[in-house]
Each structure stands twice: as C-alpha cells, then as structure tokens.
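In this text the structure is predicted, and so the values were computed from the model without any measurement. One is the number of the first residue; the rest follow in order along the sequence. In each ligand, atom 1 is the first atom listed, and ligand 1 is the first ligand listed.
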Amino acid sequence: MHDYHPSSDLLKDRVILVTGAGAGIGRAAARCFAAHGATLILLGRTIRKLEQVYDEIETAGGPQAAIYPMNLEGAAPKDYAELAQVLENEFGRLDGLLHNAAILEGLTPIVHYSLETWYRVLQVDLNAPFLLTQAVLGLLQRSPDASVVFSGDVVGDEGRAYWGAYAVAKGGLQTLMKLLANELKANTSVRVNSIDPGKIRTQLRLQAYPAADPAEWADPETIMSAYLYLMGPDSRGVTGNCIKAQD
Ligand SMILES: NC(=O)c1ccc[n+]([C@@H]2O[C@H](COP(=O)([O-])OP(=O)(O)OC[C@H]3O[C@@H](n4cnc5c(N)ncnc54)[C@H](OP(=O)(O)O)[C@@H]3O)[C@@H](O)[C@H]2O)c1
C-alpha cells in the first residue's frame, strides 16, 4: 500500500463521515481525506478535539468540514436516525463512512472482566457501527460509488488473551463487514471492507502497552494510503476484504 500515491483530487465532491475524528488514526484520516478533496463530517465525543481538526482542515485549505458531536456509548437508534436526517438535509448525500472510533478500557482476564465494561465496550466498538451503518445505508446506496470501512485489529482474529470485549467486538466487526459486503454486492455499488492499521502511536495503543516505547510505533499519518485506496474510486469492486495498512 505504501506505493499508492493518488492525485490530490481523489475524493473531490465526496462527503465522508469519520467516527472518532478528533484523535489518533481518525484525526489523520479526516485530515488526509480533506486534503484529497472530500467534505468531512467529523463525529466524536470531545468537541474541543473535533474543533481542532476542523481548524486544521480549514488552515490546510480543505473543503469546509462539519462537526457532529456524538457519544456512541449513549446514542440510541433515534440519535442515529437524526444524524441521517441532518446529513440528508445539509449535504443530500454520503459517499464514505469510516468506522474508526473505539475504546479498549485496559487489558483484563475474563474472570475479572466487569459486566459494565463489557457492555460499554461492545456498545461503542460493535453496536454503534451496526446502528450507524443501518441508519445511513439508504444515503450510501444513493451514492454512485460509496465505501464503508471498518477498523479491524488482529487481536480479534486471534482471540488474544486479556483483550476482552475489545477483541470480541473486533471479531464481530469482521463478520459484520463480510456479511454486509455479501448482502450489498448483489444489487448495490456500496463496497464494504476493513483496515487493520497495525501498531500505531495513539492513546489506545498506549493504554494497551503503557510500558512500551511509543517511538517504536508508526505515526498515524504514515498509514493513510490504505484509507485513501478504500475510500476512493480505485477500490471500486473491491468488497469483503480486510487490508493491512502496514506492509
Ligand atoms: N493504534 C493501534 O495500534 C491500532 C491497532 C489496531 C486497530 N486500531 C483501531 O483503529 C481505530 C482508531 O484507534 P486509535 O488507535 O486511533 O485510538 P484513539 O487514539 O484512542 O482514538 C479513538 C477515537 O475514538 C473516539 N471515541 C472513543 N469513544 C467514543 C465514543 N463513545 N463516542 C464517540 N467517539 C469515541 C475517541 O474520542 P476522544 O478522543 O474524544 O476520546 C478518539 O477520537 C480503532 O478502531 C482501533 O481499534 C488501532
């Protein structure tokens, strides 16, 4: 993926929603999509962080973005329906959806895993992507070339010890990605894939490995080729795949 260098107008005229756009990989993806011509809807829970990304996009000369504060932990189906309605009214379209937001809440053996944490992590990491996808699917289906991208993690495939509900959610997301791709490929142009970012220097990774040296991990900006490829027209027809962002 590192040798993929699309033109700066790859995503021109596309409207793309990124969840967890205020920090880490989501922030890098939002800035990168805007730099390639897309209009961004920046969804996240901390308004201050979203405003900062909004300003960064504006300063870089990207299309004017929009901020949509939303806490995925407490959001109900009516909140997702309202979001879809706002997108319809304000933009009239949605061409891309990056499910990036996630929480880990530390590493704990199942025997000590709290029920409250279990529900909370599954709500943010698995149920929210389902609810959001369902709410905006109609809009995506009206786009001539829509792309849905989930965020995978190898710990979900492996069932890595101590990663608890986060790993279970990531395993579930992979299944959701594949079944949605299968459902949609018959009669729509919506493609559905996922990206495993690899080891990336973010808060989430620091939480998992507090004693590690963050300098050993890649910067989010260095893995954007995979995100651009799946969001843009070069991946037309590619669906149901998980792509590794780091070679
Ligand atoms: N970093 C890695 O090495 C790695 C490896 C494999 C997969 N991933 C995946 O990559 C994605 C991005 O992770 P990251 O490493 O960039 O993590 P991060 O830096 O912790 O960023 C997570 C983002 O999600 C947002 N978020 C968390 N809970 C939310 C909620 N309830 N409602 C709305 N937004 C919420 C956060 O908002 P606030 O900033 O406001 O809290 C933040 O913007 C995740 O899906 C993760 O599983 C990362």
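At least one heavy atom of Gly152 sits less than 4.0 Å from an atom of ligand 1. At a 4.0 Å cut-off, not a single heavy atom of Trp217 sits close enough to ligand 1 to count as contact. Ligand 1 lies out of reach of Arg201, whose nearest heavy atom is not under 4.0 Å from it. Remark: distances from the non-hydrogen atoms of Ala128 to ligand 1 are all 4.0 Å or more. Heavy-atom separations between Met70 and ligand 1 include at least one value shorter than 4.0 Å.
Ligand 1 has a nitrogen or oxygen under 3.5 angstrom from a nitrogen or oxygen of Gly198. By the 3.5 Å distance cut-off applied to N or O atoms, Ile200 is counted among the residues near ligand 1. Polar contact check, Leu72 against ligand 1: a nitrogen or oxygen pair lies under 3.5 Å apart. Backbone and side-chain nitrogen or oxygen atoms of Asn71 are examined, and one is located within less than 3.5 angstrom of a nitrogen or oxygen of ligand 1. In terms of polar-atom proximity, Gly20 is counted as a contact of ligand 1, with an N or O under 3.5 Å from an N or O of the ligand. Considering backbone and side-chain atoms together, Pro197 places no N or O closer than 3.5 Å to any N or O of ligand 1.
Interface of Gly24 with ligand 1, defined as ligand atoms under 4.0 Å from a residue heavy atom, comprises 16 (O), 19 (O). Against a heavy-atom cut-off of under 4.0 Å, Ser151 is close to the following atoms of ligand 1: 45 (O). The ligand atoms of ligand 1 that sit less than 4.0 angstrom from a heavy atom of Ile25 are 10 (O), 16 (O), 48 (C). Near Tyr166, meaning under 4.0 Å from one of its heavy atoms, ligand 1 places the atoms 7 (C), 8 (N), 46 (C), 47 (O). Taking every non-hydrogen atom of Ile103 and a distance limit under 4.0 Å, the qualifying atoms of ligand 1 come out as 27 (C), 28 (N). Ligand-side atoms of ligand 1 in range of Lys199: 3 (O), range being under 4.0 angstrom from any heavy atom. For ligand 1, the atoms closer than 4.0 angstrom to any heavy atom of Ala23 are 39 (O), 43 (O).
At the shortest separation from atom 22 (C) of ligand 1 among protein heavy atoms lies Ala102 O, 3.9 Å. Of all protein heavy atoms, the one closest to atom 24 (O) of ligand 1 is Ala101 CA, 3.3 Å. Scanning the protein heavy atoms around atom 17 (O) of ligand 1, the nearest turns out to be Leu204 CB, 3.3 Å. Nearest non-hydrogen protein atom to atom 6 (C) of ligand 1 is Asp153 OD2, 2.9 Å.
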Would Asp145 and Arg191 count as a salt bridge (charged side-chain N to carboxylate O under 4.0 Å, His left out) if you check the C-alpha gap in whole Å, the side-chain angles of each, and the deciding distance to 0.1 Å? CA-CA 8 Å; Asp145 184 37; Arg191 58 187 172 283; 2.6 Å; yes

Run the side-chain hydrogen bond (donor to acceptor under 3.5 Å, both in side chains) check on His99 and Thr133 step by step: do they pass? CA-CA 9 Å; His99 291 293; Thr133 306; 2.8 Å; yes

Salt bridge (charged side-chain N to carboxylate O under 4.0 Å, His left out) assessment of Asp234 paired with Arg236: CA-CA 6 Å; Asp234 293 325; Arg236 205 169 273 171; over 6 Å; no

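Between atom 15 (O) of ligand 1 and the options Val155, Leu173, Thr202, the minimum heavy-atom separation is to Thr202. Nearest to atom 36 (C) of ligand 1 by heavy-atom distance, out of Lys49, Arg45, Arg120, is Arg45. With atom 11 (C) of ligand 1 as the reference point, the heavy atom nearest to it among Asn100, Val18, Leu42 is part of Asn100.
When heavy-atom distances to ligand 1 are checked against a 4.0 Å cut-off, Thr46 comes that close through both its backbone and its side chain. At a heavy-atom cutoff of 4.0 Å, ligand 1 is contacted by no atom of His99, backbone or side chain. Proximity of Val124 to ligand 1, defined as any heavy-atom pair under 4.0 Å, is confined to the side chain (atoms from C-beta onward).
Salt bridge status for Asp157 with Lys170: absent, with no side-chain N to carboxylate O gap under 4.0 Å. Electrostatic pairing of Glu216 and Arg201 does not count as a salt bridge here, judged by no charged N lying under 4.0 Å from a carboxylate O. Salt bridge present: Glu116 and Arg120 bring a charged side-chain N and a carboxylate O closer than 4.0 Å. Glu88 has a carboxylate O that lies under 4.0 Å from a charged side-chain N of Arg142, or vice versa, which qualifies the two as a salt bridge.
Remark: Ile110 CD1 is packed, more than 12 non-hydrogen atoms of other residues, nucleotides or ligands lying under 6.0 Å away. Annotation: Tyr68, atom OH; neighbour count of heavy atoms from other residues, nucleotides and ligands within 6.0 Å is above 12.
Using modelled atom types, one finds a donor on one side chain and an acceptor on the other under 3.5 Å when comparing Ser143 with Asp95. Under 3.5 Å, the side chains of Thr39 and Gln64 contain no donor-acceptor pair of N or O atoms.
Using a 4.5 Å cut-off between side-chain heavy atoms of Ile, Leu, Val, Met, Phe, Trp and Tyr, Tyr119 falls into a hydrophobic cluster with Leu115.
Ile195 approaches Leu230 most closely through the heavy-atom pair CG1-CD1, 3.6 Å. Nearest heavy-atom pair, Ala135 versus Ala81, reported as atom, atom and distance to 0.1 Å: CB-N, 4.4 Å.
Distance check: Leu87 CG to Leu140 CG gives 9.5 Å after rounding to the nearest 0.5 Å. Here the CG-CG distance, from Asn71 to Asp79, works out to 10.0 Å after rounding to the nearest 0.5 Å.
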